[in-house]
Number of protein chains: 2
Amino acid sequence: MKEKLLKSFQGFASFSEQEASLIISKTKLRNFRKKENLLKIGETCSAFYFILKGAIRQYRTTEDLDEITLNLYLENNWVLEHQSFTSQKPSTTTIQAFEDCTVYELDIHAIHELIGRSPSFFQLGKILEQPLLGIELYQNLPTPEQKYRAILTHNPQLIQKFPLKHIASYLKITPETLSRVRNKLSKSS
Amino acid sequence: MKEKLLKSFQGFASFSEQEASLIISKTKLRNFRKKENLLKIGETCSAFYFILKGAIRQYRTTEDLDEITLNLYLENNWVLEHQSFTSQKPSTTTIQAFEDCTVYELDIHAIHELIGRSPSFFQLGKILEQPLLGIELYQNLPTPEQKYRAILTHNPQLIQKFPLKHIASYLKITPETLSRVRNKLSKSS
DNA sequence: AGGAGCACTTGATCCAAATCAAGAAATTAA
DNA sequence: TTAATTTCTTGATTTGGATCAAGTGCTCCT
């Protein structure tokens, strides 16, 4: 049941078996229904979530009620609002279940408690970086085609799971442009 | 002599006087000549630098030998290559003195030693975030005018110190566009 | 099953910024 | 101080992606 979580830790940290099972004992299993919010605007992010099953979208709402997709998450990924968590101030973004989800929750009290026991748990801080990785990878590329190619290379499941409009927003291009890029690439291959 | 460094710590951390002076005792004062590199491509970033005097530019070189300016730093700022430092792998960017510089260097061994003495030195980790702040602030804005206004508001000294082409590259626009934006704004004010 | 909204595609038009180009001004080097 | 180089400005042209618009096909209701 918890081997996916263990595997994730092994990917970015070096915990002993005891340490890992101590962390895991602090996690709570939670379920969210499609469209249910893990974090609402104005709430302070007080936990890390690890997606066991499901998919999650994080977005910001503009004055004219458009939603800008900030991040898309699939299974075996860590989810949190970096800004809100590190500052412990209210979030300006929403984290929402895109489909029914099962997640592990590791809350800030548990984290502090662990760090109190042993400094090696400071490695948990690396989880903070996880959600930022994709953004770096895709959004800063100069052309829509490069962005789409990058996401195809590094995270093709994203494209299968989420509708084009969310992918487009995440890549900071319009759905029309993404549609054309995708069309062009499928022909040239 | 070291009160600038003290002031910087007070800005983002809460160290006791003893702790602060312990950190400071671990720093080395170093000088770099104009165009001298603090970090070269391929080297691993193994220290934080605090600029006492001077200005520093960080850039990446593309295949066709263009330099893309990634960050610009003035006095009283922390400089490092985040990616290389946190992963302890070779940097793909260059950090170079834009003019003669005097800096404090706090190397990774000193940092580890401090953290070994007291967990409160984990607050030093916040230095890692410092260089990323400006990038968030300017580069993600949608129009050249907004980028230029933002930099005018938050860091006008940058514009005075660095030539237009470096500012333009940092903002990811062309020098021509920046010249026109600046010209337009100076007329409308 | 039928209908109301979504999701996606495709085409036409527009526009902001990039590119290309050339000259003026400032800085650096000899 | 002059020559050489770099920096900056200004104009003309091009272009990639946004926007506008219309039509088709899904999906999810009840």
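We use all heavy atoms of the structure for the numbers below, so side chains are in, but hydrogens, waters and symmetry mates are not. Everything numeric in this text was worked out from a predicted model, so none of it was measured. In what follows, every chain begins at residue 1, and chains take the letters A, B, ... in the order their sequences are listed.
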Practice problem: Start with the C-alpha gap between A:V181 and A:K147, add the side-chain angles, then the distance that decides, and say whether side chain to side chain contact (heavy atoms under 4.5 Å, CB included) holds. | Solution: CA-CA 10 Å; A:V181 167; A:K147 291 176 184 184; over 6 Å; no
Self-check item: Protein-nucleotide distance (A:E67, atom CD; C:dA7, atom P), rounded to Å
Solution: 11 Å
Quiz item: Any side-chain heavy atom of B:F85 sitting closer than 4.5 Å to one from B:I108?
Solution: yes
Practice problem: List the atom of B:Y73, the atom of B:F162, and the distance in Å for their closest heavy-atom pair. | Solution: O-CZ, 3.9 Å
Quiz item: If the sugar-phosphate is the primed atoms plus P, OP1 and OP2 and the base is the rest, what is the B/S/- string for nucleotides 18-28 of chain C, using protein heavy atoms under 4.0 Å?
Solution: SBBB-------
Quiz prompt | Non-neighbouring partners of A:F32 that pass ring pair (Phe, Tyr, Trp, His ring centres under 6.0 Å), sequence neighbours left out | solution = none
Self-check item: Selection residues 151-172 of chain A - residue pairs positive for salt bridge (charged side-chain N to carboxylate O under 4.0 Å, His left out), sequence neighbours left out
Solution: A:E99-A:K161
Exercise. With axes from five pairs an end, tell me the bend angle of the helix from C:dA1-D:dT30 to C:dA30-D:dT1, nearest 10°.
Key: 50°
Practice problem: Look at B:E3 together with B:K7 and state whether they make a salt bridge at an N to O cut-off of under 4.0 Å. | Solution: no
Quiz item: What is the distance from NZ of A:K184 to C1' of C:dT9, rounded to the nearest Å?
Solution: 17 Å
Self-check item: Length of the CD-C1' vector between A:Q160 and C:dA7, whole Å
Solution: 17 Å
Quiz item: In whole Å, what is the span from the CD1 atom of A:I167 to the P atom of C:dC8?
Solution: 9 Å
Quiz item: What nucleotide, of C:dC8, D:dG17, D:dC8, holds the atom closest to the side chain of B:L164?
Solution: D:dC8
Self-check item: Passing candidate, salt bridge (Lys or Arg N to Asp or Glu O under 4.0 Å) with A:E145, options A:R182, A:R180, A:K184
Solution: A:K184
Identify each donor-acceptor pair in which a side-chain atom of residues 125-142 of chain A lies under 3.5 Å from a protein atom, sequence neighbours left out, and give them as a table.
unit_1, atom_1, unit_2, atom_2, d
A:K126, NZ, A:F12, O, 3.4
A:Q139, NE2, A:Y170, O, 2.8

Exercise. Whole angstrom is fine here: how far is it from CZ in A:F162 over to P in C:dA7?
Key: 14 Å
Quiz item: Just to confirm, is there a sub-4.0 Å distance from OP1 or OP2 of C:dT10 to any side-chain nitrogen or oxygen of A:N183?
Solution: yes
Quiz item: Rounded to the Å, how far apart are A:L185 CG and C:dT9 C1'?
Solution: 16 Å
Practice problem: Could you work out which one of C:dA7, C:dC8, D:dG17 sits closest to the side chain of A:K165? | Solution: C:dA7
Under 3.5 Å, which donor-acceptor pairs link side chains of residues 42-50 of chain B to any protein atom two or more places apart or in another chain?
unit_1, atom_1, unit_2, atom_2, d
B:E43, OE1, B:K40, N, 3.1

